[in-house]
Amino acid sequence: MRIVLLGAPGAGKGTQCKRILSAHSLTHLSSGDILRKERSEGSELGQKAQGYMDSGGLVPDELIVEMMVKAIDDLPTGGFVLDGFPRTVNQGVELDAALTASGKALDVVLNLEVHDDVIYDRMSGRRSCPKCGAVYHLVSLKPQVEGVCDHDGEGLIQRPDDQLEVVKKRLETYHQQTKPVVQYYQKNEVRVFDVQADGDADMVSVEIQEILAGMGDSQTV
Ligand code: AMP
């Protein structure tokens, strides 16, 4: 099964990906995680991406498409969940071309829908571990010791792109450039499911599992 997970920043894509992976044997490919790794390694791509990421804009399509097509090509056989990619219609077109060339069509697009005010609450309280990437929330997902990662004891930070002004810009970017990707897939014979994701992550997860189970034998997912 090849899945694309769409949704605004803070819609819960990362959380839901983890849950999908715990139920199905798929590979998770997050464009944001790959970019952050490139940055932490100081690669040329990471350096080029830095300014766009910190200001809440999108990294140019040509850089992202090359990075993600390579990551998909390098995957072991089996399915995948794409998280954060594609984020523009052009990226969607390029992804389709690459998948068609390698005989791997997408099976389903899951579109997480969350109201903007919920996104603001979630993202302004989000704290991350700079070492392992674990994500917490000041109110809804506290670490055992305030300000410290449960996994490795590292001090938690607020990612520069989770700061309020940047969140505003990221949401604007989402509405202008990423929402049209949903319509692109609706017109392209890929099954698209809108998932209401304002509420509890467990409920969202149940809905996603039902959708995936309905796609066919879950043993093959
Ligand atoms: P994320 O963690 O998915 O929210 O991504 C963090 C940042 O990485 C985004 O705000 C963008 O600057 C950049 N980014 C991630 N994925 C893409 C993409 N598909 N296209 C362009 N920029 C991206």
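Quick note: residue numbers are just sequence positions, from 1. Start at 1 and go down the list; that is how both ligands and their atoms are numbered.
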With heavy atoms of Gln91 as the reference, note each atom of ligand 1 found under 4.0 Å away.
-> 18 (C), 19 (N), 20 (N), 21 (C)

Tyr120 side chain near Leu164 side chain, heavy-atom distance below 4.5 Å = yes

Indicate, as side chain, backbone, both or neither, the part of Leu58 found under 4.0 angstrom from ligand 1 when only non-hydrogen atoms are considered.
-> both

Backbone of Arg87 reached by a side-chain donor or acceptor of Gln91 within 3.5 Å = yes

Looking only at protein heavy atoms, what sits closest to atom 13 (C) of ligand 1 is Leu35 CD1, 3.5 Å

In ligand 1, which numbered atoms sit nearer than 4.0 Å to a non-hydrogen atom of Arg170?
-> 1 (P), 4 (O), 6 (C), 10 (O)

Proximity flag Gly57 to ligand 1, non-hydrogen atoms under 4.0 Å | yes

Is it the case that Asp33 and His28 place a side-chain donor and acceptor less than 3.5 Å from each other?
-> no

Proximity to ligand 1 by part of Lys13, non-hydrogen separation under 4.0 Å = neither

Is any side-chain heavy atom of Val182 less than 4.5 Å from a side-chain heavy atom of Val109?
-> no

So which heavy atom in the protein is nearest atom 22 (N) of ligand 1, and how far is it from that ligand atom?
-> Val59 N, 3.0 Å

Is the shortest distance from a heavy atom of Met68 to ligand 1 less than 4.0 Å?
-> no

Can you establish whether the number of heavy atoms outside Glu41 located under 6.0 Å from its atom CD is more than 12?
-> yes

Atoms in ligand 1 flagged as close to Ser31, the criterion being non-hydrogen separation under 4.0 Å | 15 (C), 16 (N), 17 (C), 19 (N)

Lys169/Glu165 under salt bridge (charged side-chain N to carboxylate O under 4.0 Å, His left out): CA gap, chis, key distance, verdict | CA-CA 6 Å; Lys169 167 77 177 143; Glu165 282 313 306; over 6 Å; no

Salt-bridge test for Lys168 and Glu172: reply yes if a basic N is under 4.0 Å from a carboxylate O, no otherwise.
-> no

Option set Met123, Arg87, Met53, criterion heavy-atom distance to atom 5 (O) of ligand 1, minimum = Arg87

Compute the minimum heavy-atom distance from Arg159 to ligand 1 and say whether it is under 4.0 Å.
-> yes

Would you check if there is a donor-acceptor pair between the side chains of Glu38 and Ser43 at a distance under 3.5 Å?
-> yes

Nearest neighbour in protein (non-hydrogen) for atom 6 (C) of ligand 1 = Arg36 NH1, 3.6 Å

